[in-house]
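What follows is one structure encoded as structure tokens, with my remarks underneath.
What you are looking at is a predicted structure, and each value in this text was computed from that prediction instead of being measured. Values below: every heavy atom of this structure, side chains too, minus hydrogens, waters and symmetry copies. Nothing fancy with the numbering, it's 1 onward along the sequence.
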Amino acid sequence: MSSPLYKQLGLGTAGSPISANHLLLLVLGAGFLALTVFVVHPNDFRLQSFFSGGGAGCPGSPTDPLAAAPATVLNHADATTPAPDGHPGAARVLIGIQTMPAKYERRNLLRTVYSLQLRDHPSLATTIDIRFVLCNVTSPIDAVLVSLEIIRYDDVLVLDCAENMDGGKTYDFFSTAARAFPNGTYDYVMKADDDTYLLLPALAAWLSGAAREDAYLGLQMPCDAENFYPFPPFMSGMGYALSWDLVRWVATSETSRRDRVGPEDMWTGRWLNFAGKAKNRYDGAPRMYNYRGDSPANCFRRDFHPDTIAVHMLKDDKRWAETLQYFNATAALPPSGLYHLP
């Protein structure tokens with residue numbers, strides 16, 4: 001332990017309130033917290049800014065809403081029975097799938113699986129708008145190929161930002177959506193990862209049963225209530241939705257504009273907690289979860305089940321194939337002598 005930190009903790013001084021046993025408990029507690037962070041959020045390693053800082057409203061300070069916010073009571077929209085496609089209460093949602101310019105194969109896969117879902121549920125095409133979200137395309141090669149995608153599919157948003165995951169891209173997406181689309185176009189805007197598989201009918205039914213204002217929907221993290229501290233309720237970056245009024249608030253708020261750099265899903269929760277927003281929160285568990293594979297099951301990593309809304313962490317083709325097979329994505333393949341598949 002360095003000398004400045006040693007003195008900061010008041011160790012080694014006369015009348016020190018911290019004994020060796022206290023120090024041991026502090027070290028063990030810090031180790032457990034680190035383990036929790038990296039198990040619950042294995043892809044977000046830039047967390048030091050979350051715990052650093054000092055003044056009011058700074059991460060880690062006593063008045064920091066992200067560190068001190070109490071657990072929020074969450075609502076659970078009943079989406080067990082999907083609402084009829086296109087019924088008057090159907091929610092309109094913009095889904096922005098965050099990806100990178102060079103990931104052509106992933107975009108092609110996602111276009112295929114979602115277009116087939118919409119073909120089977122055609123009225124959802126009037127309420128669900130899926131776009132791929134990129135930052136500035138800097139490669140001349142990517143610029144040509146992405147341009148072809150835009151001409152052919154018209155489903156790519158190119159934001160004015162440097163490509164990043166936790167450097168403000170989510171803020172730029174929400175704020176751009178608020179400016180680009182007129183009020184009334186969408187009820188919700190959803191940010192999703194490109195390694196997430198969404199079951200669109202189940203998602204649409206869930207959103208349609210939720211509040212249309214001050215609403216925040218997704219998989220609540222952390223999901224273990226016994227180890228909740230020091231995180232507030234926030235929704236996993238696999239896919240979460242904000243009602244349109246909250247999207248407009250993000251676009252105009254100084255809270256989000258000045259504090260956009262950090263683990264993006266945590267930071268979205270941070271903005272909302274700071275401002276006392278998102279009174280209507282909906283936890284998608286157990287219907288939103290990470291791919292399990294051979295890993296032990298826990299509160300966010302589960303086996304497939306039929307009433308799923310979203311599966312996350314589909315990092316490779318093997319996981320995608322296993323997932324799509326379980327959900328019968330190829331069931332409509334007609335018999336033919338022109339192809340021989342297992």
Side-chain angles (χ1 to χ4, degrees), residues 69 72-97 114 117-118 121-131 133 157 170-171 173-192 196 198-221 232-253 255-256 264-265 268-285 287-288 307-310:
T72 299
V73 176
L74 299 172
N75 301 303
H76 294 265
D78 181 7
T80 303
T81 303
D85 288 351
H87 74 100
R92 298 160 298 171
V93 57
L94 169 65
I95 302 175
I97 301 174
Y114 292 139
Q117 289 189 42
L118 293 175
H121 302 271
S123 58
L124 289 181
T126 65
T127 59
I128 296 178
D129 185 5
I130 299 175
R131 308 291 182 104
V133 182
L157 298 178
T170 296
Y171 168 83
F173 166 58
F174 284 134
S175 58
T176 297
R179 294 192 303 268
F181 300 101
N183 286 338
T185 305
Y186 304 108
D187 298 302
Y188 304 99
V189 177
M190 182 175 194
K191 175 266 170 185
T196 296
L198 298 170
L199 283 299
L200 298 180
L203 173 66
W206 188 46
L207 293 175
S208 295
R212 302 295 169 88
E213 294 185 354
D214 208 24
Y216 181 29
L217 305 92
L219 173 63
Q220 176 186 277
M221 299 295 282
F234 68 93
M235 304 303 178
S236 164
M238 66 184 291
Y240 57 88
L242 300 180
S243 55
W244 182 253
D245 60 305
L246 290 183
V247 175
R248 286 180 53 82
W249 174 81
V250 168
T252 58
S253 171
T255 298
S256 53
E264 61 87 17
D265 48 1
T268 299
R270 174 187 182 84
W271 305 331
L272 299 173
N273 288 324
F274 182 87
K277 298 285 187 178
K279 295 295 191 300
N280 299 303
R281 302 192 181 200
Y282 297 81
D283 183 8
R287 301 176 62 199
M288 301 177 75
D307 67 341
T308 294
I309 293 173

Those residues at least two apart in sequence (or on a different chain) that pass side chain to side chain donor-acceptor pair (under 3.5 Å) with S243 are D245
Checking T252 side chain against R248 main chain: does a donor-acceptor pair fall under 3.5 Å?
yes
If you measure from CD on Q220 to OH on Y282, what distance do you get to the nearest 0.5 Å?
14.5 Å
Taking all non-hydrogen atoms of both residues into account, name the closest pair between A285 and L219 and its distance.
CB-CD1, 3.7 Å
Interatomic distance, D187 atom CG to L94 atom CG [nearest 0.5 angstrom]
11.5 Å
I need the minimum non-hydrogen distance between A90 and S208, along with the two atoms involved.
CA-OG, 3.4 Å
Looking only at heavy atoms, what is the nearest atom pair of A177 and W244, with distance?
O-CH2, 3.4 Å
Below 4.5 Å, heavy atoms only, C-beta onward: do V93 and T127 meet side chain to side chain?
no
Residue pair L246 / K277, side-chain heavy-atom distance below 4.5 Å:
yes
Beyond-backbone contact of W206 with M288, side-chain heavy atoms, under 4.5 angstrom
yes
Would the distance check show the side chain of D129 and the main-chain N or O of I95 forming a donor-acceptor pair, the cut-off being under 3.5 Å?
no
Out of curiosity, I128 CD1 to L207 CG, how far, rounded to the nearest 0.5 Å?
8.0 Å
Taking every non-hydrogen atom, the tightest pair across Y188 and A211:
OH-O, 2.6 Å
Any side-chain heavy atom of L272 sitting closer than 4.5 Å to one from W249?
yes
In chain order, what residues pass the side chain to side chain donor-acceptor pair (under 3.5 Å) check against T308, with sequence neighbours excluded?
Y289
Spacing of N273 atom CG and Y216 atom OH [to the nearest 0.5 Å]
7.5 Å
To the nearest 0.5 Å, what is the distance between OH on Y186 and CG on L242?
15.0 Å
So which atom in K279 and which in D214 form the shortest heavy-atom distance, rounded to 0.1 Å?
N-OD2, 3.0 Å
Given 3.5 Å as the limit, does a donor-acceptor pair link the side chain of R287 with the main chain of D307, or not?
yes
So OG of S253 and CZ of F274: to nearest 0.5 Å the spacing works out to 8.5 Å
Checking T196 now: which residues fulfil side-chain contact (heavy atoms from CB on, under 4.5 Å) with it, not counting sequence neighbours?
D193, L198, M238, A310, H312
Under 3.5 Å, side chain of R270 to main-chain N/O of F234, donor-acceptor pair present?
no
For Y240, all residues meeting side chain to side chain donor-acceptor pair (under 3.5 Å), sequence neighbours excluded
E264, T268
What residues, two or more places apart in sequence or in another chain, satisfy side-chain contact (heavy atoms from CB on, under 4.5 Å) together with T185?
F181, P182
Considering all heavy atoms, the nearest M221-S236 contact:
CG-CB, 3.5 Å
Under 3.5 Å, is there a donor-acceptor pair between the side chain of D265 and the main chain of G237?
yes
side-chain contact (heavy atoms from CB on, under 4.5 Å) filter on L157, not counting sequence neighbours, yields R131, V133, F173
